[in-house]
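Throughout, a chain's letter reflects where its sequence line sits, starting with A, and its residues are numbered from 1. The structure presented is a predicted model; accordingly, all values stated were derived computationally and were not measured.
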Amino acid sequence: MKNTFTIIYEIVKQIPKGKVATYGQIAALAGNPRWSQVVGFALHVNPDEQNIPCYRVVNRFGQTASAFAFGGEDVQKLLLEEDGIVFLPDGSVDLKKHQWDGEPFSE
DNA sequence: TTAATGACCTATC
DNA sequence: CGATAGGCCATTA
């Protein structure tokens, strides 16, 4: 069952520790920059949260969504801190310091 | 089946 | 440069 979701899951699961990726970035890496919404949907269902760290996925502003599906917003922040993410006083992560460089997929 | 919404982003004025 | 509007894909009702 390798649908669009699987692609997104693969990307998110490939996110290295201590870094975060944005929906648009994941969508772009997936091969479709306009899957931004679908990416959110994929994480929303999150059938493999154990292997799909949604907390490492943030929006364009470096903030997580309001509707979390694996615990709570506080947990999300804690998990990122555990990974070594630097949270700004605004409640967002320093994308310019932790935004995922990109997939190790050398073309 | 059609229509509307959605953890969004991009382009244009 | 800043803000506004629209659009794309998939899922759900």
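The closest side-chain heavy-atom distance from P53(A) to V12(A) is below 4.5 Å. Side-chain atoms of W100(A) and V57(A), non-hydrogen and from C-beta on, never get closer than 4.5 Å to each other.
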Collect all protein-nucleotide pairs involving nucleotides 9-13 of chain B in which both atoms are nitrogen or oxygen and the distance is under 3.5 Å.
unit_1, atom_1, unit_2, atom_2, d
dC9(B), OP1, R60(A), N, 2.5

Pairs under 3.5 angstrom, nitrogen or oxygen only, protein versus nucleotides 2-6 of chain B, please.
unit_1, atom_1, unit_2, atom_2, d
dG6(B), O6, Q37(A), OE1, 3.4
dG6(B), N1, Q37(A), OE1, 2.8

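Distance noted for atom C1' between dT4(C) and dA7(B): 23 Å (whole Å).
Scored by the side-chain hydrogen bond (donor to acceptor under 3.5 Å, both in side chains) test, K97(A) finds no partners at all (sequence neighbours excluded). F41(A) pairs by the side-chain contact (heavy atoms from CB on, under 4.5 Å) definition with F5(A), not counting sequence neighbours. By the side-chain contact (heavy atoms from CB on, under 4.5 Å) test, R34(A) is found to be paired with no residue, residues two or more places apart in sequence or in another chain being considered.
Taking every nucleotide of DNA chain C with any atom under 4.0 Å from a non-hydrogen atom of chain A, the first and last of them, 5' to 3', are dC8(C) to dT11(C).
The stretch residues 17-27 of chain A participates, sequence neighbours left out, in these salt bridge (charged side-chain N to carboxylate O under 4.0 Å, His left out) pairs: K19(A)-D101(A).
Looking at every heavy atom in both residues, A42(A) comes nearest to P47(A) through O-CD, 4.3 Å. In this structure, A21(A) and I26(A) approach most closely via the heavy-atom pair CB-CG1, 3.9 Å. Nearest heavy-atom pair, Y9(A) versus I52(A), reported as atom, atom and distance to 0.1 Å: CD2-CD1, 3.3 Å.
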Please set out all donor-acceptor pairs under 3.5 angstrom arising from side-chain atoms of residues 82-93 of chain A, sequence neighbours excluded.
unit_1, atom_1, unit_2, atom_2, d
D83(A), OD2, R56(A), NE, 2.6
D83(A), OD2, R56(A), NH2, 2.8

